[in-house]
Amino acid sequence: TQLLEQSPQFLSIQEGENLTVYCNSSSVFSSLQWYRQEPGEGPVLLVTVVTGGEVKKLKRLTFQFGDARKDSSLHITAAQPGDTGLYLCAGAGWYGGSQGNLIFGKGTKLSVKP
Amino acid sequence: GAVVSQHPSWVICKSGTSVKIECRSLDFQATTMFWYRQFPKQSLMLMATSNEGSKATYEQGVEKDKFLINHASLTLSTLTVTSAHPEDSSFYICSAREHGTDSSSYSNQPQHFGDGTRLSIL
């Protein structure tokens, strides 16, 4: 069974600080997706990383996929109160056929205080 | 971008009632849709994978007779919670995956999520 460990589980910081969220696994994933979820809403896709070592930037958010495709990180620079939310990483495995279920981490609840 | 519509967004009903939740992909075809359950302050737990035109695949511990899934078209999947009880109260979320060009890229296609259904059983 593939497990995706996400840390930290909770993070409370002041506006302007930087932060990093980590997702780690002992298994290799074909891709990894990062989502952000607001209370009472469904997750919204932020990015998909596919290639080992890949780095993608989305404004102040930087996503990195590990060289071995077992881990990923999300770095937020100069966090804003609007960044507050639940961040979820999800890995897609090397499944044959068309299933390819996502394995979700437990999420990081981020609170950015003004 | 890809949009998934989930309806209803909020249901309150009496114990013993059956509740149907719809999940529609509005601007793309989804041969596979997923149903998740999410408890407060926790991550998403996959309940079942819904395949168009075939039976759903349920995760271990999920009762298929309790949670009926129908995927009758490429844009619609439904989840029916039969004879719902208070312990079934939860946030249910569906997702739909865009169809990839080949099997090797399919699992990398992003899943697009609905806004969820808050189910409360009294």
Side-chain angles (χ1 to χ4, degrees), chain A residues 1-7 9-11 21 23 27-52 54 56 63 65 69 85-111, chain B residues 1-7 9-10 21 23 30-54 56-60 91-119:
Chain A
T1 303
Q2 292 178 319
L3 291 177
L4 198 53
E5 295 187 4
Q6 187 172 345
S7 63
Q9 195 171 354
F10 299 97
L11 193 55
V21 179
C23 272
S27 299
V28 176
F29 291 101
S30 61
S31 70
L32 202 135
Q33 300 171 15
W34 285 91
Y35 293 84
R36 178 180 159 187
Q37 185 181 22
E38 301 284 350
E41 298 180 9
V44 175
L45 179 67
L46 296 175
V47 77
T48 300
V49 285
V50 179
T51 306
E54 182 177 8
K56 281 191 175 179
F63 305 86
F65 201 14
R69 300 162 93 154
L86 179 67
Y87 290 83
L88 296 160
C89 63
W94 293 105
Y95 292 90
S98 61
Q99 295 287 70
N101 301 341
L102 284 178
I103 306 296
F104 276 89
K106 290 189 175 182
T108 295
K109 177 69 174 173
L110 172 64
S111 175
Chain B
V3 177
V4 173
S5 173
Q6 188 173 339
H7 178 81
S9 58
W10 190 37
I21 303 170
C23 183
T31 53
T32 304
M33 291 186 175
F34 302 87
W35 288 96
Y36 296 85
R37 185 171 179 177
Q38 187 176 31
F39 292 101
K41 299 181 181 180
Q42 294 188 24
S43 188
L44 281 70
M45 181 187 76
L46 180 65
M47 298 175 64
T49 302
S50 171
N51 298 297
E52 186 266 336
S54 64
T57 303
Y58 290 82
E59 295 300 301
Q60 191 173 10
F91 191 55
Y92 292 87
I93 309 175
C94 72
S95 71
R97 183 167 60 202
E98 297 180 61
H99 189 71
T101 54
D102 58 72
S103 60
S104 64
S105 67
Y106 190 61
S107 63
N108 293 340
Q109 293 295 319
Q111 289 187 24
H112 301 281
F113 287 80
D115 279 339
T117 297
R118 173 71 60 193
L119 177 61

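Every chain is numbered from 1, with letters handed out A, B, ... down the list of sequences.
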Rounded distance (nearest 0.5 Å) linking atom NZ of A:K109 with atom CD of B:Q42: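 Answer for the NZ-CD pair, A:K109 versus B:Q42, is 13.5 Å.
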Under 4.5 Å from any heavy atom of chain B, what part of A:F10 do you find: side chain, backbone, both or neither?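 Neither part.
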At a heavy-atom separation under 4.5 Å, does A:Q37 approach chain B through its side chain, its backbone, both, or neither?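 Only the side chain of A:Q37 comes within 4.5 Å of chain B.
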Around atom CD of A:E38, are there more than 12 heavy atoms from other residues, nucleotides or ligands closer than 6.0 Å?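 Yes, because the 6.0 Å sphere around CD of A:E38 holds more than 12 heavy atoms from other groups.
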NZ/A:K56: more than 12 non-hydrogen atoms of other groups inside 6.0 Å: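 Counting other residues, nucleotides and ligands, NZ of A:K56 exceeds 12 neighbours.
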Contacting moiety of B:L44, where chain A heavy atoms sit under 4.5 Å: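 For B:L44, heavy atoms of backbone and side chain both lie under 4.5 Å from chain A.
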For B:Q38, is it the side chain, the backbone, both, or neither that has a heavy atom closer than 4.5 Å to a heavy atom of chain A?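 Side chain only.
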With distance as the sole test, does B:S43 use its side chain to make a donor-acceptor pair with the main-chain N or O of A:G107 at under 3.5 Å?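 The answer is no, because no donor-acceptor pair under 3.5 Å joins these two groups.
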Minimum heavy-atom separation for A:L102 to B:Q111, with atom names?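 The answer is CG-NE2, 3.3 Å.
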